[in-house]
Student: 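Here it is, the structure in full.
Worth knowing before you read on, the calculation uses all heavy atoms, side chains too, and leaves out hydrogens, waters and symmetry mates. As the structure lists them, so they are numbered: ligands from 1, and atoms in each ligand from 1.
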Amino acid sequence: VEASIPEPQREAWTKHEYTGFKNKDEFEKEVVRHVETTLARSIYNCDETAAYSAASLAFRDRLVKDWNKTQQRQTFTDSKRIYYLSLEFLNQKHDSRVQYFHATPTRRLPVTMRYLDRRAHAQGRRRPCLQNPVGRAFDNAMLNLGAKDVAKEGLSELGFRIEDIIGQEHDAALGNGGLGRLAACFLDSMASLNYPAWGYGLRYRYGIFKQEIIDGYQVEVPDYWLDFNPWEFPRHDVTVDIQFYGHVSKSQDENGKTVAHWEGGEMVTAVAYDVPTPGYDTPSTNNLRLWSSKAASGEFDFQKFNSGDYESSVADQQRAETISAVLYPNDNLDRGKELRLKQQYFWVAASLYDIVRRFKKTKRKWAEFSDQVAIQLNDTHPTLAIVELQRILIDIEGLEWDEAWNIVTSTFGYTNHTVLPEALEKWPVGLIQHLLPRHLQIIYDINLFFLQSVEKRFPNDRDLLTRVSIIEESQPKMVRMAFLAVVGSHKVNGVAELHSDLIQTTIFRDFVTIFGEDKFTNVTNGITPRRWLHQANPRLSELIASKVGGHQFLKDLTLLNQLEHFVDDKDFRKEWAEIKYANKVRLAKYIKSTLNINVNPAALFDVQVKRIHEYKRQQLNIFGVIHRYLTLKAMSPEERKKQQPRVSIFGGKAAPGYWMAKQIIHLINNVGSLVNKDADIGDLLKVIFLEDYNVSKAEMIIPASDLSEHISTAGTEASGTSNMKFVLNGGLIIGTCDGANIEITREIGQENIFLFGTLSEDVEDLRHAHTYGEHPIDPGLEKVFNAIQKGMFGEPNDFNAMINAVRNHGDYYLVSDDFQSYIDTHKMVDAEYQNQEEWISKCIRSVARMGFFSSDRCINEYAEGIWNVEPLAV
Ligand code: H53
């Protein structure tokens, strides 16, 4: 690698190398410098936002050093890199209201009061310290650089409290749910384990919408997050022109070989924005590159502009910017919109151009490409990358088809995250033809060669060919992206054992026959303990650290198993219980402040927070809550006194176009309106819907749960990852035998989880029976339906569709089948919760056995089994 500075001049560079602040004074100096120069402000107008920006920049400067060194190390050692392609990377979105409600008692101060208070603080008077869980990038940088104390003292001397400053961060929420959050956990683990890795994604101007609840209904509000983000580096010099539309012509080269030329159409420019992603307790800092779209600065615009057609040149610009403007707000649902396909191609084409450019700098032979590059497809969203790499290799680099295809298939790995039919991506052939004419030809060729090879091995099986064809012969014809991803990858993995078995026996069954079992594998999902224990639940993390030999467990989560020795330790148990209670108090305060509802922190907190979806069955939960309410109402006051008080907490966004999911939210809110003010019921039951569930709120809610619900119809939730977060934070779970619940059970023991409901192998038969035979509704559920239809929870017609889905439309999600066992299992929960000693033992044992679910374990499995990549020593 050539340096741009010649040898004789490098001495000066070494002498003046930037080293970053080393102590409090130097930190303060950096902050003041950034306030005065970078931000052009002074003591007269330095508010908390400016202080946040300056402090972040001071840390960023230090982070950048590590980042640069990591990149240089990776380049110099010429190591194989992992490229993780994901349309979503879900970090938290800051909600300024969250920060005021914490375990430590405090009060909410109006802004001016806070200002006065801050000044008092600066003059040496203190008020109770607030613990703030938000502010990921800044807090994380402080954590990873081990300089939080320096920052705290330095900021205090400059007149600010670190908690307030952290609270200023407004981070990106560039994802919908589990898939995007998994990608963020993976970035954390890859850096923490010193793997050379890059993430590639889109820099949406609008991340996931903000949810407001108005009169019980969800209302969507746009989330604009790009005001000032010190954690990203615009690379205006790193751009790629991306072509759309146009046509393909063919010519012969000098050797008589046919060459395809993709011509005409329009160009959009991709601009890189880089986000350093530091690892925990290591200087390794990887890169997340997000692409933003803008109009290509070609002659086309210029001509229009000169000819006075200003408006249309602006319109072109706006059209180009639209590509990266907004995250599609659907989780587990494919809507097939043209703009979405444009986003996908824009992002994979820019990323591949970048990857290939980097590879070509090494001057290696093409045959070595997959020794240097591993590309992981996070779901089918980036599947066009397979076609794009093949196009680059044959059309631009002049390789033969077979040689190119070998390179492609040994480079890509594909992770499947769903078997839900409505989530499996398909694109109309006509749309691809129009938008990406050359790619469609290549897809047809890939399919042709694939089907020919199948035909050869399985002659005379036309059905097989129809079943596995990448092109679905429907009206209109469709490209099946999951099939293309399977054919173009060397490994295909599911995200939990059951899910990986299911994909091999259902959607990809024929492909297992064709390619053999070795191509298919499982990597059970995981979560980063840095985020989901240490940052979300600092007190619990410290308590654990005090018992298991320090914070090493955050790097090797299996060390948690030492907690088993303390299950009977009185003091430990007491502190454990106190922490849980304090977390519940914090959540109760938040509920009071946002909804003005009093919940008793001593009640059992029963939580279901996740995207709202029929398969996740929030409807089962709310029907169960109604059943509980009716049961309580029918009791005598004496009987009621013996019942276990509960708070049922819901949270989650519905895709804006998903009407049924919105009705479920509406019903939950209506039930809450009635139940929460029923004097007969009091503390025995409260029903809460928390608005705008996001990662920041998850950090507050998850540590406060006693019981959480993971109750998808068996065989529908690929893995689930919040189940892992809840258990790791000392909550028990009620769940179906679905996704990772099964492996959680294996790890923590059957006695520590409340399982219920139909098994996945029985689901199909039941569905069949519902459609073709009798389908009597469970009598308990029938009572619930009657109450709804009598208008107990508002206009009954609003909920007809929800009830009809069960009663008249085949009950696809088996709500009625599972209702009785769900209710019975909740009775068991109530009974067991009464015995707090036993309950706490279960919680501690469960946490002790959760080591398996670290995303570090997961990343090591990918590295060894799929990517063939080694960590890079630092
Ligand atoms: O991916 C998670 C799983 C979860 C699954 C989720 C997911 C999405 O969030 C979006 C699309 C998709 O195909 C899958 O639903 O079960 O835990 C991470 O693997």
Student: What is the closest protein heavy atom to atom 15 (O) of ligand 1, and at what distance does it sit?
Tutor: Asn332 ND2, 2.7 Å
Student: Starting from atom 1 (O) of ligand 1, locate the nearest protein heavy atom and write down its residue, its atom name and how far away it is, to 0.1 Å.
Tutor: Leu179 N, 3.5 Å
Student: Measure the distance from atom 19 (O) of ligand 1 to every protein heavy atom, then report the residue, atom name and distance (to 0.1 Å) of the closest one.
Tutor: His417 ND1, 2.6 Å
Student: Of all the atoms in ligand 1, which lie at a distance below 4.0 Å from a heavy atom belonging to Ala718?
Tutor: 16 (O)
Student: Thr418 heavy atoms, cut-off 4.0 Å: which ligand 1 atoms fall inside?
Tutor: 13 (O)
Student: Give me the one residue out of Trp867, Trp198, Tyr862 that meets ring-ring contact (aromatic ring centres under 6.0 Å, His included) with Phe186.
Tutor: Tyr862
Student: Any nitrogen or oxygen of Leu182 lying under 3.5 Å from a nitrogen or oxygen in ligand 1? Just yes or no.
Tutor: no
Student: For Asp331, enumerate each residue passing the side chain to side chain donor-acceptor pair (under 3.5 Å) test, keeping only those at least two apart in sequence or located in another chain.
Tutor: none
Student: On the ring face of Phe209, is Lys653 found with NZ or CZ under 6.0 Å from the centre and within 45° of the axis?
Tutor: yes
Student: Between Ser500 and Asn493, is any side-chain donor less than 3.5 angstrom from a side-chain acceptor?
Tutor: no
Student: Please list, one pair per line, the donor and acceptor atoms closer than 3.5 Å that link side chains of residues 655-668 to other protein atoms, with sequence neighbours excluded.
Tutor:
residue, atom, partner, partner atom, Å
Tyr658, OH, His613, ND1, 3.4
Tyr658, OH, Glu614, N, 3.1
Tyr658, OH, Glu614, OE1, 2.7
Lys662, NZ, Glu220, OE2, 2.8
Lys662, NZ, Pro656, O, 2.9
His666, ND1, Tyr217, OH, 3.4
His666, NE2, Tyr217, OH, 3.4
His666, NE2, Asn670, ND2, 3.3

Student: Can a donor-acceptor pair be found between the side chains of Glu338 and Gln343 at a distance below 3.5 Å?
Tutor: no
Student: Please work out which of Asn525, Leu90, Leu333 has its closest non-hydrogen atom nearest to atom 18 (C) of ligand 1.
Tutor: Asn525
Student: Checking Lys519 against Phe515: charged group under 6.0 Å from the ring centre and within 45 degrees of the axis?
Tutor: yes
Student: Any atoms of ligand 1 less than 4.0 Å from a non-hydrogen atom of Asp379? List them with their elements.
Tutor: 11 (C), 12 (C), 13 (O)
Student: With a 4.0 Å heavy-atom cut-off (strictly under), which part of Ser719 contacts ligand 1: side chain, backbone, both or neither?
Tutor: both
Student: Which of the numbered atoms in ligand 1 are below 4.0 angstrom from a heavy atom of Tyr615?
Tutor: 15 (O)
Student: Check each of Asn332, Thr713, Thr418 against Tyr615 using the side chain to side chain donor-acceptor pair (under 3.5 Å) test, and report the only one that passes.
Tutor: Asn332
Student: Taking atom 3 (C) of ligand 1 as the point of reference, which of Gly178, Gly720, Gly177, Ser712 owns the nearest heavy atom?
Tutor: Gly720
Student: Any nitrogen or oxygen of Asp331 lying under 3.5 Å from a nitrogen or oxygen in ligand 1? Just yes or no.
Tutor: yes
Student: If the plane angle is over 60° it's perpendicular, under 30° parallel, otherwise tilted; pick one for Tyr822 and His826.
Tutor: perpendicular
Student: In the protein, what heavy atom is nearest to atom 4 (C) of ligand 1, and what distance, to one decimal place, separates them?
Tutor: Glu717 OE1, 3.3 Å
